[in-house]
Number of protein chains: 2
Amino acid sequence: MGVTIKDIAKRLGVSATAVSKALNDRDDVSNELKVKVRKIAEEMDYSPNSLAKRLVTNKSNTIGVFMFSRQKNSGHDPFGFQFLSGIMEEANRNGYDIVLFSTDSDLLAEKSYIKLCKERKVEGAIFTGLRLDDPHLEEIKESPFPISIIDTEVKGNNVSFISTDNRKGVRLALNYLWKLGHRRIAIINGHKKAMVSHLRYNAYKEFLEEKGQFREELVFTGDFTERSGYLCGGKILELKDRPSAVFVASDLMALGVIKKFKEEGLKLPEEMSIVGFDNIFPGEFNEPALTTIGQNAFEMGVEAVNWVLKRINGEKGNKKILLEPELIIRDSCDTNQFQWLERVTAKS
Amino acid sequence: MGVTIKDIAKRLGVSATAVSKALNDRDDVSNELKVKVRKIAEEMDYSPNSLAKRLVTNKSNTIGVFMFSRQKNSGHDPFGFQFLSGIMEEANRNGYDIVLFSTDSDLLAEKSYIKLCKERKVEGAIFTGLRLDDPHLEEIKESPFPISIIDTEVKGNNVSFISTDNRKGVRLALNYLWKLGHRRIAIINGHKKAMVSHLRYNAYKEFLEEKGQFREELVFTGDFTERSGYLCGGKILELKDRPSAVFVASDLMALGVIKKFKEEGLKLPEEMSIVGFDNIFPGEFNEPALTTIGQNAFEMGVEAVNWVLKRINGEKGNKKILLEPELIIRDSCDTNQFQWLERVTAKS
DNA sequence: TTAGATAACTTTAACGTTAAAGTTAGGAGT
DNA sequence: ACTCCTAACTTTAACGTTAAAGTTATCTAA
């Protein structure tokens, strides 16, 4: 069908190997031949068959990507695309192809991720949104090729953990609220199947215990959806002794909480301060604009690729890469609590 | 390195071809052998080498995807991911792999999209966000493999156009505003390098000319960003004779317009009605919640894949697929204009 | 009984590329 | 004049799979 190396060889009266070498700029062919070959290749509109090349060199130059999106099909997972942009750019920059697998196709019902990857001969893989109860977790641990997992830590010889420093992020949020004078701070956490939920809960508990202010009854659990935030918001309002602030483990849930609070007539941020986590776009447009902890999703994708590439090249490198979170102050926290606290402290 | 068909063959004392046939469930091998082969394959953890298979069968089972994202890296393009979800699911459902190309890598500086695809032997490709001034447009027109282009129409033998029915969408929006009583309706359109901008402008002009209400001075042009919406909002406020409603050709811009209007103290929706286009997530959380025209991005991805697959299978099919837009009524339009209009009409 | 069919294989070659091991002519060194 | 070297190739084989064309032994039908 297409033009091959052989066609060029025939036309020039040389061997296919010579053409191959010329095209790859090897130093055991003359410059003359290189020039000729390139000219003819151009003329005949030759394009190399990467399948053949990959087969013979036993190098696929491919990275597999699996995205288990938190909110399937809804497009409410703006991180998915940001991860992917980072992955794509970094991979292509290094001459690697990205093969993307849908994580709820029939394919996965029959074959494991690892099997799928082996067939494609991918040199490495990247997972996002992997849950702690995933049935293939054991297999991942023993992967023969390197895997970067974003936001889920799986202990394995060939597996890395790429994430935001969640502990630091939570402390950034809580410390901000603390300095504003808040003492009763509730948490709305994500579901337990996400690794980050554990990290965030632990950091929350640690921080408040340090301050002697941890209260079991202020811990609420959602599932990262807006709806669940809305529901938890309702529960918070039912509390006899309401908190003055809520740390919400995802912006999407935070949006739901705020919706509920507004519906119930709360003045925001005066009557309740809220800090989210993620820094998704809609938070900027919410009223009040959402104060949150920003994650650099694009960069996480880049790091995920880099770790895999390092492994492929035989380097060892740290298996845990945590990016810096960032406190993004907008309008969802009451900044006057501080003055209130000062008055209280002055009195005592 | 890995286990091959030959290893299985050796172990069973049969030919490699027999093993291949058994694994592919051909009918010229005995059931006995099939059973044995499958057992051994499992036992040896065999996985087929798709590269070899693709090379010999001359079928790559791969579709290339290029996404020129409107807002690079910002993650403000929630459609990108929705398209992709649809593409991914439908492709994998049909046994096809998706290879994703970053559209601003060095790769593309050197090689054209088509060349990249040829090397990977993709059977078809999908483009999103392609601009009318793209330097490779001519090459796309003459593509040897089928290409679905989302939201940009390129006339070519092997090229299809997958989009929302933009004309219908615009008419849905304008008709809604018209029925609410609006007569001076401005438009903030996207830049001219996007095909949809032309379609939307034409539909806008057509509708208002039908009503004898088209005014050149009410046409504004942004570039799909929030910032440009904000700027156009300012220009609208400078008008001596203000419109009572604005149709904005993207939600992102609509958010910007609203921001500007609110900053300038306009009461919304009473003093200005706004309809967006796209139905992106943040619109729901805006105040007022954005009335808009919804596009089904997931389904557009699915259709794009389906067209390509049809072509691959030799079917002809329509080269233009338009999905139905949907009017999503929220709170950004003043519904009392209608009464006002009734009063006016009653008087005359 | 014997040609013909059929089931269940095997053999050969090919896909397009490259790695590894030749080959050859000409030049350098002594 | 001889060996040795080097540049610039060519030849052979391989990567793992499958298509196409054999090869048997056994069965079928008249």
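Lettering follows sequence order; numbering is per chain, from 1.
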Rounded to whole Å, how long is the line connecting atom [atom1] of [X] with atom [atom2] of [N]?
X	N	atom1	atom2	value
B/Y46	D/dG16	OH	P	10 Å
B/R54	C/dG16	CZ	P	17 Å
B/L55	D/dG16	CG	P	12 Å
A/E119	D/dG16	CD	C1'	13 Å
B/K59	C/dG16	NZ	P	17 Å
A/K6	D/dT10	NZ	C1'	15 Å
A/D7	C/dC15	CG	C1'	13 Å
A/K21	D/dC9	NZ	C1'	7 Å

Exercise for the section: Can you pull out how bent the helix from C/dT1-D/dA30 to C/dT30-D/dA1 is, comparing the axes over its first five and last five pairs, to 10°? Expected result: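 Answer for the end axes of this duplex: 40°.
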Exercise for the section: Please name all residues satisfying ring pair (Phe, Tyr, Trp, His ring centres under 6.0 Å) with A/H191, sequence neighbours left out, ordered by chain then number. Expected result: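 Only A/F224 meet the ring pair (Phe, Tyr, Trp, His ring centres under 6.0 Å) criterion with A/H191.
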Exercise for the section: Report which part of the nucleic acid A/T57 touches: base, sugar-phosphate, or nothing (heavy-atom distance under 4.0 Å, all strands). Expected result: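 Here A/T57 touches the backbone only, sparing every base.
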Exercise for the section: Select base, sugar-phosphate, or nothing to describe what A/I5 touches, counting heavy atoms under 4.0 Å on all strands. Expected result: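 Result for A/I5 = sugar-phosphate.
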Exercise for the section: Kindly say if B/S15 contacts the phosphate of C/dC9, meaning a side-chain N or O under 4.0 Å from OP1 or OP2. Expected result: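 It does not, given that no N or O in the side chain of B/S15 lies less than 4.0 Å from OP1 or OP2 of C/dC9.
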Problem - 5′-ward residue of the pair B/A16/A/V56 relative to DNA chain C - result: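 Residue closer to the 5' terminus by nearest nucleotide: B/A16.
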Problem - Neighbours of DNA chain D within residues 22-37 of chain A, by heavy-atom distance under 4.0 Å - result: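 The answer is A/D28, A/S30, A/L33.
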Practice task
Find which nucleotide of DNA chain D each of A/V14 and B/N49 is nearest to by heavy atoms, and output the residue with the more 5' nucleotide.
Solution key: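 Nearest-nucleotide comparison on DNA chain D picks A/V14.
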Practice task
May I ask you to decide whether A/E90 forms a salt bridge with A/R93, counting only side-chain N to carboxylate O separations under 4.0 Å?
Solution key: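 Yes, this pair counts.
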Handout entry: Pair A/D27 + A/K34, salt bridge at N-O below 4.0 Å
Key =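 No, A/D27 and A/K34 are not salt-bridged.
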Practice task
Indicate the atoms forming the closest heavy-atom contact of B/P146 with B/W307, along with that distance.
Solution key: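 The answer is CB-CZ3, 3.8 Å.
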Practice task
Might you point out which heavy atoms bring A/G124 and A/V308 nearest each other, and give the distance in Å?
Solution key: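 Heavy-atom minimum between the residues: CA-CG1, 3.8 Å.
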Handout entry: Base D/dA19 to side chain B/T17, donor-acceptor N/O within 3.5 Å cut-off
Key =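 Flag set: donor-acceptor pair detected.
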Practice task
For the pair B/S102 (side chain) and A/M88 (backbone), establish whether a donor and an acceptor sit closer than 3.5 Å, ignoring hydrogens and angles.
Solution key: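 Here the side-chain-to-backbone pair does not exist.
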Handout entry: Derivation and outcome, salt bridge (charged side-chain N to carboxylate O under 4.0 Å, His left out), residues B/R120 and B/D97
Key = CA-CA 12 Å; B/R120 271 70 174 185; B/D97 282 359; over 6 Å; no
Exercise for the section: Give a yes or no on whether B/K141 atom NZ has more than 12 heavy-atom contacts from other residues, nucleotides or ligands under 6.0 Å away. Expected result: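 Counting other residues, nucleotides and ligands, NZ of B/K141 exceeds 12 neighbours.
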Problem - Aromatic plane relationship, A/F66 with A/F101 - under 30° parallel, 30 to 60° tilted, over 60° perpendicular - result: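 Rings of A/F101 and A/F66: parallel, as their planes differ by under 30°.
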